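Below is one structure, written out as structure tokens; comments come after it.
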Amino acid sequence: MQTLMDQAHSYSQVGQTIWRIQQIPMVVADEAIYTLVGNTFTSTGLWIDTIKSDTTVQSDKVNLANTERLMKLKKRHMMRVFDESILVFMNIKITTIEGMARDIQWLYQDSRVLCEFHRKCQWEINVVIANSSLITPFRRLSFDIPSYVNFTIKISSEPFNKFLFIRNFQDEMVNYDLVLLKDNDQRIIGFPWGSFVERRENAVVSGPLRQDANEAMT
């Protein structure tokens, strides 16, 4: 581990920490990074300062209070916020309570992350529920969803065209700079959304390539 750290970590002339990964792939333990790096960030660009975090290497103590404080301060650190407004469309087909709970959790997480990147952000969700008995559980589980997420609920067990829902918002689209068509299994958490928006440049239509686990391993 020390050899790996020495290869990757150094200091500038003014004492700033520098990381250079010259050999790919290289794996370094998270605890070493948290201890030696001043700032860390997720691929979605949410910055937190970990310079004062305690390491848990060879220790059974975790400074939970300090970690919670740092997470609350993440918005005070460097993060890209775009002036461009965004309107998100998504369809969710619900057939079981278990699948419903998962979908709502993903929606809650992804909507919060995405809307931190844009000063104006709105989600329109087409919820197709296979059985009317699932409506009450859905309303209960989705109670804490942010107010910028709107639901249109339909009861149907038949296949549907997910693009027909978007027709209802053609007039509203002109009020937004960006329109995102998203499936619920396309996660925003873990996706470099800030870099994606910046690198699209002047493209009218942009989209990431999708890979399943088998494709990624070949």
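A quick note: this is a predicted structure, and the numbers were derived from the prediction, not measured. All heavy atoms count here, side chains included; hydrogens, waters and symmetry mates do not.
By the neighbour-count criterion of 12 heavy atoms within 6.0 Å, atom OH of Y108 is sparsely surrounded, having that number or fewer from other residues, nucleotides or ligands. More than 12 heavy atoms of other residues, nucleotides or ligands shown are found within 6.0 angstrom of CZ on R102. By the 6.0 Å contact criterion, CG on N161 is enclosed, its count of non-hydrogen atoms from other residues, nucleotides or ligands being greater than 12.
Residues N184 and K182 are in side-chain contact: their nearest non-hydrogen atoms beyond the backbone lie under 4.5 Å apart. Taking the side chain as every heavy atom from C-beta outward, F163 and L181 approach each other to under 4.5 Å. Counting only heavy atoms from C-beta outward, the side chains of V179 and I86 never approach each other to under 4.5 Å. I129 is not listed as a side-chain neighbour of K154, based on a closest heavy-atom distance of 4.5 Å or more. No side-chain heavy atom of K162 sits less than 4.5 Å from a side-chain heavy atom of V128. Using a 4.5 Å heavy-atom cutoff, the side chains of L180 and F89 are not in contact. In this structure the side chain of W106 reaches within 4.5 angstrom of the side chain of D185, judged on heavy atoms.
Nearest approach of A130 to S157, heavy atoms of both residues: O-CB, 4.1 Å. In terms of heavy-atom proximity, I125 sits nearest to F165 at C-CZ, 3.9 Å. Residues V127 and F151 approach most closely at CG2-CD2, 3.5 Å, considering heavy atoms. In this structure, F82 and G194 approach most closely via the heavy-atom pair CZ-O, 3.5 Å. Summarising the geometry of C121 relative to Y148, their closest heavy-atom pair is O-CB, 3.5 Å, with the distance given to 0.1 Å. The shortest non-hydrogen separation linking D110 to Q186 is OD2-O, 4.1 Å.
Ion pairing of E158 with K93 is absent here, as no side-chain N (NZ or NE/NH1/NH2) approaches a carboxylate O to less than 4.0 Å.
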*Carefully, step by step, assess I97 and F138 under the rule side chain to side chain contact (heavy atoms under 4.5 Å, CB included).*
CA-CA 8 Å; I97 292 182; F138 175 81; over 6 Å; no
*Evaluation steps, side chain to side chain contact (heavy atoms under 4.5 Å, CB included), between L134 and M100*: CA-CA 9 Å; L134 296 172; M100 176 199 308; 3.9 Å; yes
*side chain to side chain contact (heavy atoms under 4.5 Å, CB included) between D183 and M90, worked out*: CA-CA 6 Å; D183 291 333; M90 194 171 76; 5.8 Å; no
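A continuous path of ILVMFWY side-chain contacts below 4.5 Å connects L141 to I155, so both sit in one hydrophobic cluster. Both I166 and Y176 sit in one connected hydrophobic cluster of ILVMFWY residues. Membership requires side-chain heavy atoms under 4.5 Å apart, directly or through other members. Placement of V113 and F196 within a single hydrophobic cluster is found when ILVMFWY residues are connected by side-chain heavy-atom separations under 4.5 Å, directly or transitively. Hydrophobic clustering of Ile, Leu, Val, Met, Phe, Trp and Tyr side chains at less than 4.5 Å, counting indirect connections, keeps L107 apart from F169. Under the 4.5 Å side-chain heavy-atom criterion for Ile, Leu, Val, Met, Phe, Trp and Tyr, I188 and F117 are members of the same hydrophobic cluster.
Screening V88, L178, L87, D177 for a side chain to side chain contact (heavy atoms under 4.5 Å, CB included) involving H118 leaves a single residue, L178.
Rounded to the nearest 0.5 angstrom, Q105 CD and I145 CD1 are separated by 10.0 Å. Taken to the nearest 0.5 Å, the OG atom of S195 stands 13.0 Å off from the CZ atom of R200. Atoms CD1 and CD1, from I92 and I104 in turn, are 7.5 Å apart once rounded to the nearest 0.5 Å.
The side chain to side chain donor-acceptor pair (under 3.5 Å) analysis of residues 119-133, with sequence neighbours excluded, yields the pairs D83-R119, N91-N126, E124-N150, N131-S133.
Residues forming a side chain to side chain contact (heavy atoms under 4.5 Å, CB included) with R140 (at least two apart in sequence, or on another chain): P137.
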